[in-house]
Protein chains: 2
Amino acid sequence: MAPRESGEPESADRAAELEIVHLLRAVTVELGLHSARFAQANGMHATDVRALIALMDARRAGEETTAGRLGAALGLNSAGTTSVVDRLERAGLVRRVRGADDRRKVVVEVEERAVRLGQDFFGPLIARTVDLLTAYDERERAAIRGFLTGVRDAAAGAARGSAGLTG
Amino acid sequence: MAPRESGEPESADRAAELEIVHLLRAVTVELGLHSARFAQANGMHATDVRALIALMDARRAGEETTAGRLGAALGLNSAGTTSVVDRLERAGLVRRVRGADDRRKVVVEVEERAVRLGQDFFGPLIARTVDLLTAYDERERAAIRGFLTGVRDAAAGAARGSAGLTG
DNA sequence: GCGTGTATCTCGCTCAACGAGATAATAGGG
DNA sequence: CCCTATTATCTCGTTGAGCGAGATACACGC
């Protein structure tokens, strides 16, 4: 399936590599459950958490997020997007700001309260994760970084193309 | 925040470690979107995909999954669980089997069709991931394995305790 | 200042998931 | 063996997230 160069020891190695694949999936499952706990603890739904994450990501990258962009990132239509922003605004976690240049647009900004809420809940887990990394030297960290980058790009690339194979 | 042993060079390192944290989150987001595409492509919902994953995990571990266990794994109540199993059964992806020992129980078994469906969709991404791993030597792979195991356990541990910190 | 295109919102609907309670089977005491 | 308590699942009615269709508000060229 995957185009290999030549004859390395295969079947035994392959099992060890599959273990990492399952491990990665287990991580995504656990982190998903953790997000769900955050949602539940704050009377929110999974989509609202995903929206906050997208908004904070954009803010870190220094980009404004309009309602439309947010909806696209979440895979919602305009009605659903309005609904999400309504819920978050009602909860005091974001605010609507009319676009200065184009007044049709609605820029969604996260309130300071949402940032604090997220830090309080995810901070410990992040700290623990950072702590884990101190056990590895630079070469090992580079491997972790490279592997995660590769998986992210493969999954993102799978959006286009048949499924991101042979990339 | 995280209890450190002694004085290593901090702030610069911390930024590099946070990059990995963000990378990990990006991976979970992308894999989540990939699951969503799988769901959409097969007329399913996110919960149905999570259910299939849980069922296949259990099968790999050689365990039977009753309706109750499945619902607990998904965080659904009994009504919702019945609903999920109904949908999956209607789609021909699982079958209900009355428990042999305790006939109140309903064991949910995945149909061969569901396994093939999953392999067809996720196979390429898995192959790509396994391929990525061949670029690393055993020490680097051990680092990746150890890091993922640590994050998984930290997130799982966060279910109990204040948030899995200081574990 | 009118028409076309774009961004967001409103309305009505569907269906996933919930709470409450019904149904069915096991386990144990008399 | 019957009766009750307990456990596992399902049924019924309701809530609300997200959808499709269309309304509304603004932008921009003519």
Side-chain angles (χ1 to χ4, degrees), chain A residues 32-33 35-55 58 63-91 93-109, chain B residues 32-33 35-55 58 63-91 93-109:
Chain A
L33 289 174
S35 278
R37 285 190 290 271
F38 175 67
Q40 182 125 35
N42 296 92
M44 306 166 56
H45 295 261
T47 299
D48 307 59
V49 179
R50 291 203 304 142
L52 284 178
I53 289 174
L55 288 169
E63 294 167 4
E64 280 190 341
T65 305
T66 63
R69 287 174 72 85
L70 179 62
L74 299 176
L76 297 179
N77 72 0
S78 63
T81 303
T82 297
S83 185
V84 172
V85 178
D86 278 354
R87 287 196 304 267
L88 291 175
E89 194 171 45
R90 216 178 303 129
L93 297 173
V94 307
R95 59 176 169 279
R96 281 176 162 93
V97 180
R98 275 288 163 188
D101 53 327
D102 185 341
R103 288 179 47 71
R104 287 169 306 180
K105 293 182 180 175
V106 166
V107 176
V108 184
E109 295 177 352
Chain B
L33 289 174
S35 278
R37 283 191 291 271
F38 175 67
Q40 182 124 36
N42 295 91
M44 307 167 54
H45 295 261
T47 299
D48 307 55
V49 179
R50 292 202 305 141
L52 284 179
I53 289 174
L55 289 170
E63 295 167 3
E64 281 190 339
T65 306
T66 63
R69 287 174 72 84
L70 179 62
L74 300 175
L76 296 180
N77 72 1
S78 63
T81 303
T82 298
S83 185
V84 172
V85 178
D86 278 354
R87 286 196 305 267
L88 291 176
E89 194 172 46
R90 216 177 304 130
L93 297 174
V94 307
R95 60 177 168 277
R96 282 178 161 93
V97 180
R98 275 287 163 190
D101 53 328
D102 185 340
R103 291 180 46 71
R104 289 169 305 178
K105 292 182 181 175
V106 167
V107 176
V108 183
E109 296 179 351

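One interatomic measurement links the two molecules: CG of A:Leu76 to P of D:dA17, which rounds to 12 Å at whole-angstrom precision. As rounded to whole Å, 12 Å separates atom C1' of C:dC18 from atom CD of A:Gln40. With rounding to whole Å, A:Asp101 atom CG is found 15 Å from D:dA25 atom C1'. A straight line from CD of B:Glu89 to P of D:dT9 spans 13 Å, rounded to a whole angstrom. Going from atom CG of B:Leu74 over to atom P of D:dT9 covers 13 Å, rounded to whole Å. Here D:dC10 presents its P atom at 13 Å from CG of B:Leu88, a figure rounded to the nearest Å. If you measure from atom CZ of B:Arg103 to atom P of D:dC10, you get 13 Å, rounded to the nearest angstrom.
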Contacts table for residues 48-55 of chain B: side-chain donor-acceptor under 3.5 angstrom, sequence neighbours left out:
| residue | atom | partner | partner atom | Å |
| --- | --- | --- | --- | --- |
| B:Asp48 | OD1 | B:His45 | N | 3.4 |
| B:Asp48 | OD1 | B:Arg87 | NH2 | 3.0 |
| B:Asp48 | OD2 | B:Arg87 | NE | 3.0 |
| B:Arg50 | NH2 | B:Leu74 | O | 3.1 |

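Judged as a side chain to side chain donor-acceptor pair (under 3.5 Å), and not counting sequence neighbours, A:Glu64 has no contacts. The side chain to side chain donor-acceptor pair (under 3.5 Å) test applied to B:Asp102 returns B:Arg104, not counting sequence neighbours. Partners of A:Glu89 according to the side chain to side chain donor-acceptor pair (under 3.5 Å) rule, which considers only residues two or more places apart in sequence or in another chain, are A:Arg96.
Backbone-only engagement by B:Thr47 is indicated by non-hydrogen atom pairs under 4.0 Å involving sugar-phosphate atoms exclusively. Across all strands, B:Gly71 comes closer than 4.0 Å to no nucleic acid atom at all (heavy-atom distances).
The side-chain heavy atoms of B:Val107 and B:Arg98, taken from C-beta on, include no pair separated by under 4.5 Å.
With B:Ser83 contributing its side chain and B:Ala79 its backbone, the two residues share no donor-acceptor pair below 3.5 Å.
Among all heavy-atom pairs drawn from A:Ala58 and A:Thr65, the shortest one is CB-OG1, 3.1 Å.
To the nearest 0.5 angstrom, B:Thr66 atom OG1 is 8.0 Å from B:Leu70 atom CG. To the nearest 0.5 angstrom, B:Arg95 atom CZ is 4.5 Å from B:Glu109 atom CD.
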Table of protein N/O atoms under 3.5 Å from nucleotides 3-8 of chain C N/O atoms:
| residue | atom | partner | partner atom | Å |
| --- | --- | --- | --- | --- |
| C:dG5 | N2 | A:Arg104 | NH1 | 2.7 |
| C:dT6 | O4' | A:Arg104 | NH1 | 3.4 |
| C:dT6 | O2 | A:Arg104 | NH1 | 3.0 |
| C:dT8 | OP1 | A:Ala67 | N | 3.3 |
| C:dT8 | OP1 | A:Val106 | N | 3.0 |
| C:dT8 | OP1 | A:Val106 | O | 3.4 |
| C:dT8 | OP2 | A:Gly68 | N | 2.7 |

Could you list all N or O pairs between the protein and nucleotides 11-15 of chain C that sit under 3.5 Å apart?
none

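Within the structure, a side-chain polar atom (N or O) of B:Asn77 is placed less than 4.0 Å from OP1 or OP2 of C:dC18.
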